[in-house]
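First comes the structure, then the notes that go with it.
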Amino acid sequence: FMVRVSQLAALAMLAVISHAAAAQELFGAIAYSDKARKYGWANNYPARDDATKAALEFCARNGPDCRVVLWFRNACGALVTGPDGHGAAWAGTRKAAISKAAKLCAERSEACKLTRSFCTGQ
């Protein structure tokens, strides 16, 4: 009986810890350079500013004129690019974020392709 009680206590504690981790806010961001057509991204940062700064720094290593085109919290983000523009969007699922970003890109460019997609917590 003692073993079962301690196992149950351990499971209860794990559930509390898991719930706290799930409730944590996680931020993602994407920076993009229209001129160089390069990007940078950051995922699972505890603050929006940290995520956007990291994405900008990552992008700046690859090309000039980077700017943050997307940030999101506890969600998924996508960057879709074409020769004449890009689309960036967030949603509750990766598929929905890609779909929104593709529609935005198609308004600016033909031949749009998925460049990057990711979800916080993954």
Side-chain angles (χ1 to χ4, degrees):
F1 180 73
M2 284 300 267
V3 172
R4 286 221 165 114
V5 170
S6 63
Q7 286 174 335
L8 287 174
L11 285 174
M13 186 70 124
L14 184 59
V16 168
I17 292 168
S18 295
H19 179 69
Q24 180 183 10
E25 291 193 336
L26 296 172
F27 292 83
I30 298 175
Y32 187 68
S33 167
D34 287 303
K35 185 179 281 187
R37 295 191 359 208
K38 301 291 183 181
Y39 73 98
W41 62 281
N43 194 20
N44 294 330
Y45 280 76
R48 174 185 170 183
D49 289 345
D50 295 337
T52 57
K53 181 180 177 186
L56 276 171
E57 288 174 357
F58 183 11
C59 183
R61 284 185 253 148
N62 298 316
D65 304 320
C66 293
R67 63 185 174 88
V68 174
V69 295
L70 179 69
W71 71 270
F72 52 94
R73 179 184 68 222
N74 298 338
C76 300
L79 174 66
V80 176
T81 59
D84 300 314
H86 72 276
W90 69 272
T93 66
R94 185 185 307 255
K95 184 177 178 179
I98 293 168
S99 178
K100 287 180 177 183
K103 285 179 185 175
L104 291 170
C105 183
E107 292 172 4
R108 301 176 179 110
S109 183
E110 293 182 10
C112 292
K113 293 182 181 178
L114 176 63
T115 300
R116 186 76 173 114
S117 68
F118 58 95
C119 301
T120 56
Q122 298 177 2

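We use all heavy atoms of the structure for the numbers below, so side chains are in, but hydrogens, waters and symmetry mates are not. Source: prediction; values computed, not measured.
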Residues which pass side chain to side chain contact (heavy atoms under 4.5 Å, CB included) with Thr120, listed by chain and number, not counting sequence neighbours
Leu26, Asn43, Asn44, Phe72, Asn74
Using the test side chain to side chain donor-acceptor pair (under 3.5 Å), find all partners of Glu107 that sit at least two apart in sequence or belong to another chain.
none
Side chain to side chain donor-acceptor pair (under 3.5 Å) involving Thr115 - partner list, sequence neighbours excluded:
Thr81
Per the disulfide (SG to SG under 2.5 Å) rule, what does the pair list look like for residues 72-102, sequence neighbours excluded?
Cys76-Cys119
List the atom pairs, donor and acceptor, that lie under 3.5 Å between side-chain atoms in residues 63-71 and the rest of the protein, sequence neighbours left out.
{"residue": "Asp65", "atom": "OD2", "partner": "Lys35", "partner atom": "NZ", "Å": "3.3"}
{"residue": "Arg67", "atom": "NH2", "partner": "Asp34", "partner atom": "OD2", "Å": "3.2"}

Mind checking who shares a hydrophobic cluster with Val80, ILVMFWY linked at side-chain heavy-atom distances under 4.5 Å?
Ile98, Leu114
With sequence neighbours excluded, residues passing salt bridge (charged side-chain N to carboxylate O under 4.0 Å, His left out) with Arg73:
Glu25
Among pairs that include at least one residue of residues 75-91, which meet salt bridge (charged side-chain N to carboxylate O under 4.0 Å, His left out), considering only residues two or more places apart or in two chains?
none
Using a 3.5 Å cut-off and no angle test, enumerate the donor-acceptor pairs between side-chain atoms of residues 45-61 and protein atoms at least two apart in sequence or in another chain.
{"residue": "Thr52", "atom": "OG1", "partner": "Arg48", "partner atom": "O", "Å": "3.3"}
{"residue": "Thr52", "atom": "OG1", "partner": "Asp49", "partner atom": "O", "Å": "3.1"}

Those residues at least two apart in sequence (or on a different chain) that pass side chain to side chain contact (heavy atoms under 4.5 Å, CB included) with Thr93 are Lys95, Ala96
Contacts satisfying ring pair (Phe, Tyr, Trp, His ring centres under 6.0 Å) that involve residues 83-104 (not counting sequence neighbours) are Tyr32-His86
Partners passing side chain to side chain contact (heavy atoms under 4.5 Å, CB included) against Ala89 (at least two apart in sequence or in another chain):
Lys100, Ala101, Leu104
